[in-house]
There are 2 protein chains.
Amino acid sequence: MSQDSAGVNLETSLGYLLKQASSSLRAAMVEALRPLGMTVTHYSCLELLSQRPGLSNSELARGSFVTRQSMNVLLQTLEREGQVSRPAEPPAGRALPTQLTPAGREALAEATAAVRQVEVQMLAGLTDEEQSTAFRILQSMTDSLRDDSTGA
Amino acid sequence: MSQDSAGVNLETSLGYLLKQASSSLRAAMVEALRPLGMTVTHYSCLELLSQRPGLSNSELARGSFVTRQSMNVLLQTLEREGQVSRPAEPPAGRALPTQLTPAGREALAEATAAVRQVEVQMLAGLTDEEQSTAFRILQSMTDSLRDDSTGA
DNA sequence: TGACTCATGTCAATATTCTGACATACAGTG
DNA sequence: CACTGTATGTCAGAATATTGACATGAGTCA
């Protein structure tokens with residue numbers, strides 16, 4: 001049926017499957033977070049801050065897979081809403097270490113529960129061993145793509 | 001260092017790793033397609049049409065993980081540039097079956113080669129067996145997320 | 001036949017993100 | 001000390017995608 005004359009066959013392409021899985025995950029997260037009035041990036045930011053307090057804007061951006069400009073806009077909003085706090089002046093360099101406020105921690109709690117449910121659903125059909133394998137495989141893919149020995 | 005007091009640990013979360021891998025893949029594809037003046041969605045559209053000629057705008061949108069409105073804008077551009085063609089009137093219903101033109105096929109050839117290199121790089125550290133496992137795992141994740149038995 | 005539902009194509013407006021740019025702060029090097 | 005390179009925060013404009021809305025065509029069912 002499919003004419004695999006040349007190149008990437010979408011039916012069997014791991015790249016395409018990866019995008020498909022990621023897209024499904026994102027859609028599920030958006031839906032899970034919608035009733036909480038929270039976006040995926042918003043959640044990601046709070047979760048990062050919960051696990052690694054004091055992260056800077058740039059570090060949060062990298063961890064959330066957006067530009068530091070986008071993260072900056074979000075942080076300003078969250079600061080205004082009282083979910084995070086940043087010192088008026090940087091303790092060193094230019095980086096402003098960000099902290100979660102009690103309100104932010106509270107907002108995160110609900111979101112974490114919702115997102116965890118999504119992750120559980122995603123892994124429903126996989127054995128523990130398969131999950132371990134998935135961990136290793138995804139890490140390997142990321143690592144292989146990171147070192148840009150393509151021609152730079 | 002990381003306080004895994006509650007919930008999703010980003011260090012070990014398969015959801016986070018999935019996003020990370022997908023993000024790395026996308027970045028690599030953007031970079032690979034940039035010298036060809038082609039976006040990822042543009043490439044995805046052409047590749048889909050190559051493997052399944054006659055796909056409609058909506059079908060292309062779903063296959064490329066964007067809205068049909070976004071795909072429509074792209075198709076109008078590609079039609080103007082002569083990479084794809086659509087009949088003036090729908091043969092049945094409202095769907096307009098889209099075809100790749102020779103120019104489109106030519107543009108796709110270069111892009112496919114570039115993207116294939118990226119995929120090869122991504123899979124460099126994985127054995128054939130691991131790749132088969134990855135295929136099954138990613139498929140399972142997508143399937144598990146698709147059936148929304150969460151509460152709807 | 002008529003009413004209802006669903007999918008599609010398309011236009012417009014909104015939202016979101018990214019790219020470009022600039023000033024600042026620190027580390028390394030001559 | 002001065003210079004260079006790298007990283008950061010931030011502002012502004014541009015590009016991109018999304019949501020909302022409407023009309024059309026096909027299938028279902030009473």
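Worth saying up front: this structure is predicted, and the values here are computed from it rather than measured. In what follows, chains are A, B, ... by sequence order, proteins preceding strands, each numbered from 1.
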Study note, to complete from the structure: Span of DNA chain C engaged by chain B, first through last nucleotide within the 4.0 Å heavy-atom cut-off, is C/dT8 to C/dC11

Check your understanding: Are A/Arg52 and A/Glu59 ion-paired here, with the side-chain N under 4.0 Å from a carboxylate O?
Key -> no

Practice item. Examine distances only and state if a side-chain atom of B/Gln121 and a backbone atom of A/Ser144 form a donor-acceptor pair shorter than 3.5 Å. Key: yes

Practice item. Give B/Ser58 one of three labels, base, sugar-phosphate or nothing, depending on what nucleic acid heavy atoms sit under 4.0 Å from its own. Key: sugar-phosphate

Review point. Do A/Thr101 side-chain atoms and A/Gly82 backbone N/O form a donor-acceptor pair below 3.5 Å?
Key: yes

Practice item. Would you mind classifying the nucleic acid contact of B/Ser56 as base, sugar-phosphate or nothing, using non-hydrogen atoms under 4.0 angstrom? Key: sugar-phosphate

**Study point:** Residue pair A/Pro97 / A/Pro87: nearest heavy atoms and the distance that separates them
**Key:** O-CD, 3.2 Å

Study note, to complete from the structure: 5'-most to 3'-most nt of DNA chain D touching chain A (<4.0 Å, heavy-atom partner on protein side) reads D/dT8 to D/dC11

Exercise for review: Please report the C-alpha distance between B/Gln69 and B/Asn72 in whole Å, then the side-chain angles of each, then the deciding distance to 0.1 Å, and finally whether the side chain to side chain contact (heavy atoms under 4.5 Å, CB included) criterion is met.
Suggested key: CA-CA 5 Å; B/Gln69 290 88 334; B/Asn72 193 31; 5.5 Å; no

Check your understanding: Does B/Arg62 or A/Pro90 map to a spot on DNA chain C nearer the 5' end, using the closest nucleotide for each?
Key -> B/Arg62

Exercise for review: Kindly state which residues belonging to residues 71-84 of chain B come within less than 4.0 angstrom of DNA chain C, counting heavy atoms of the residue only, listed by number.
Suggested key: B/Asn72, B/Gln76

Practice item. Step through the shown structure and confirm whether more than 12 heavy atoms of other residues, nucleotides or ligands are within 6.0 Å of CD on A/Glu106. Key: no

Check your understanding: Can you list the stems that DNA chain D is part of, where a stem is at least 3 pairs in a row, each Watson-Crick or G-U, with both distances below 3.5 Å?
Key -> C:1-30 with D:1-30

Check your understanding: For B/Ser70 and A/Pro97, take the nucleotide of DNA chain D holding the closest heavy atom to each; which residue's nucleotide lies nearer the 5' end?
Key -> A/Pro97

Check your understanding: DNA chain C: B/Arg86 or A/Phe65, which has the more 5' nearest nucleotide?
Key -> B/Arg86

Exercise for review: Check the side chains of A/Ser13 and B/Glu119 for a donor-acceptor pair under 3.5 angstrom, ignoring hydrogens and angles.
Suggested key: yes

Study note, to complete from the structure: d(B/Thr98 OG1, B/Leu96 CG) to nearest 0.5 Å is 7.0 Å

Practice item. Provide the full list of salt bridge (charged side-chain N to carboxylate O under 4.0 Å, His left out) pairs with a residue in residues 66-81 of chain A, sequence neighbours left out, each pair given once. Key: A/Glu79-A/Arg86

Exercise for review: Would you mind classifying the nucleic acid contact of B/Thr41 as base, sugar-phosphate or nothing, using non-hydrogen atoms under 4.0 angstrom?
Suggested key: sugar-phosphate

**Study point:** B/Ser44 and B/Thr41: side chain donor to acceptor below 3.5 Å
**Key:** no

Review point. Would you find a donor on one side and an acceptor on the other, under 3.5 Å apart, between the side chain of A/Ser70 and the backbone of A/Val66?
Key: no

Review point. Any ring-ring contact (aromatic ring centres under 6.0 Å, His included) pairs touching residues 49-71 of chain B, not counting sequence neighbours?
Key: A/Tyr16-B/Phe65

Check your understanding: Is it the case that A/Gln51 and A/Glu47 place a side-chain donor and acceptor less than 3.5 Å from each other?
Key -> yes

